[in-house]
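So you know, we letter chains A, B, ... as the sequences are listed, proteins then strands, and number each from 1.
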Amino acid sequence: MTKSERTDNRKLDEIRPMKMKIGVIKRADGSAEVEFGDTKVVAAVYGPRQIHPRHQERPDRSVLRCRYNMLPFSVSDRKRPGYDRRSTELGKVITESLQPALFLEEFPKTAIDIDMEITQADAGTRTTAINAASLALAHAGIPMRDLVTSVAAGRANKKLLLDMTKEEEDAPDAVDLPVAMMPRTGKITLLQMDGIVSPEDIEKIVDIAEIGCMKIYEMQKKALLEKYSS
Amino acid sequence: MDKEEIKVEKVKETSPAATKVVVPGDIIKESMDILPGTGAFREGKNIISKVLGIAKTDGRVISVTPLSGVYSPQKWDYVIGEITSINFSNWSVDISGPYEATLPIAEVKGYIERDADLSKHYAIGELIFAKIVDVSKTKYITLTMKDMKSRKISDGFVVDLTPSKVPRLIGKAGSMITMIKQRTNCFLSVGQNGRVWLKGDHEDIACKAIKMIEEHSHTPGLTDKISEMLDKELRKGK
């Protein structure tokens with residue numbers, strides 16, 4: 001393998017250097033900060049708590065509400081602060097990718113709120129946000145079937161890559177395919193795609209992402225256990 | 001028809017104090033002879049942890065004590081609550097969980113006159129030590145003050161602890177709490193919702209002990225550590 005295969009001298013199936021920190025926000029019930037190379041996300045979990053507005057209440061289960069927010073300084077061109085089409089969609093997509101892992105029926109009539117702030121963006125913010133949110137949920141003591149891990153894989157310059165950076169994503173033939181899964185059962189909870197690929201390549205890309213997820217899972221476990229070692 | 005032979009397997013004695021920190025989704029054991037307790041569930045043959053916590057094996061049951069999480073109200077629990085609002089025939093009480101509790105006038109000691117000013121009995125912001133008499137299916141919680149231990153909290157102060165760590169504060173047969181009470185000469189009253197009411201001579205030191213339990217609840221030999229800390233702090237005070 002030549003060392004110039006990727007812009008940052010990584011192997012094709014190598015994840016950017018990761019950092020995970022649990023309990024970064026004191027006032028939240030659970031929180032985590034996750035770094036994937038230059039992408040940095042802080043997630044905070046509040047609840048289960050009383051739900052407002054009350055009409056969202058469900059008599060049989062808790063309602064999971066995720067807020068994805070990119071800070072104005074997280075990208076090179078200042079992002080106009082506040083909600084937009086993209087953040088609303090990502091909030092919904094992240095909610096749906098975390099929901100299957102939670103025992104929401106244990107807390108009827110309540111809400112679980114997750115806030116994810118993207119402090120630095122360099123591709124893969126939604127996957128990093130999911131990883132951070134999953135750690136924050138575990139830290140908040142919310143019952144879960146499994147942790148949720150997420151990573152994107154794709155294609156750039158005819159090569160199939162794991163965890164692409166912004167630079168790689170800007171390639172002319174780029175395909176970006178974020179995947180979230182529950183590693184124990186191997187169930188996929190998020191699968192999106194940008195670009196044009198053949199069905200055979202999709203399978204290959206998903207396989208690469210799954211291998212990446214397993215690596216992240218080990219890191220997540222380590223981060224949680226480290227918090228309570230000594 | 002064939003009669004299937006029923007095998008009765010002997011459950012092996014598990015070693016005591018077999019504790020381990022687990023994360024959600026961890027397979028604790030693969031066995032059909034063992035049952036999942038609180039904080040664990042079964043999927044196929046495996047017993048899996050639901051929460052980040054400490055897995056304990058007690059006979060045939062594996063349960064996980066969470067290291068964090070909200071208070072889930074149980075009937076007959078004692079809780080420390082704060083009056084948040086006064087309604088026509090009841091008080092709303094915050095018991096620091098996902099659900100609000102209600103104290104109806106029928107559950108208060110003594111007779112309350114018609115059209116009486118309810119804030120004369122319990123005003124907004126006042127703290128009470130009350131017992132839960134009912135948790136309905138829809139999580140409607142009823143408190144009572146018609147109980148020996150129930151009272152209004154008018155002096156001392158109240159500190160918070162993670163609800164799942166309350167058993168750790170109390171200790172085996174109350175060993176930890178009696179030690180803190182005796183050494184600091186404090187009166188301690190623990191609500192199952194994690195609020196602790198304390199008043200007495202060395203309130204600050206008792207408070208420090210509670211903070212220490214909060215941070216080190218997952219480590220073994222906690223009682224000795226607390227005892228050591230209390231000795232040190234009390235000597236400093238003299």
May I ask you to say whether B:Glu43 pairs ionically with A:Arg145, meaning some side-chain N is under 4.0 Å from a carboxylate O?
no

Less than 4.5 Å to any heavy atom of chain B: does that hold for the side chain of [X], its backbone, both, or neither?
{"X": "A:Pro59", "answer": "neither"}
{"X": "A:Thr185", "answer": "side chain"}
{"X": "A:Arg49", "answer": "backbone"}
{"X": "A:Ile142", "answer": "backbone"}

[atom1] ([X]) with more than 12 external heavy atoms under 6.0 Å:
{"X": "A:Arg58", "atom1": "CZ", "result": "no"}
{"X": "B:Glu228", "atom1": "CD", "result": "no"}
{"X": "A:Lys215", "atom1": "NZ", "result": "yes"}
{"X": "A:Lys222", "atom1": "NZ", "result": "no"}
{"X": "A:Tyr83", "atom1": "OH", "result": "no"}
{"X": "A:Lys21", "atom1": "NZ", "result": "no"}
{"X": "A:Glu96", "atom1": "CD", "result": "yes"}

If you compare all heavy atoms of [X] against all heavy atoms of [Y], which two are closest, and at what distance to 0.1 Å?
{"X": "A:Asp146", "Y": "B:Pro24", "value": "OD1-O, 3.9 Å"}
{"X": "A:Ala138", "Y": "B:Leu52", "value": "O-CB, 3.7 Å"}
{"X": "A:Met144", "Y": "B:Phe41", "value": "O-CE2, 4.1 Å"}
{"X": "B:Ser68", "Y": "A:Ala140", "value": "OG-C, 3.4 Å"}
{"X": "A:Phe107", "Y": "B:Tyr99", "value": "C-OH, 3.2 Å"}

Taking the side chain as C-beta and beyond, is there a heavy-atom pair between A:Tyr228 and B:Ser217 under 4.5 Å?
no

Using a 4.5 Å cut-off on heavy atoms from C-beta on, say whether the side chain of A:Lys221 contacts that of B:Asp26.
yes

Taking B:Ile48, B:Thr138, B:Val21 one by one, which has the highest count of heavy-atom pairs under 4.5 Å against chain A?
B:Ile48

Between B:Gly39, B:Gly53, B:Pro98, which shows the greatest number of heavy-atom pairs under 4.5 Å with chain A?
B:Pro98

Tell me, with the steps shown, if B:Lys50 and A:Glu106 meet salt bridge (Lys or Arg N to Asp or Glu O under 4.0 Å).
CA-CA 12 Å; B:Lys50 265 184 193 180; A:Glu106 287 190 14; 2.4 Å; yes

Side chain, backbone, both or neither of B:Ser164 within contact of chain A (heavy atoms, under 4.5 Å):
neither

Let me know if B:Glu215 has heavy atoms under 4.5 Å from chain A in its side chain, its backbone, both or neither.
neither

Among the listed options A:Ile51, A:Asp60, A:Leu224, the residue most often paired with chain B at heavy-atom distances under 4.5 Å:
A:Leu224

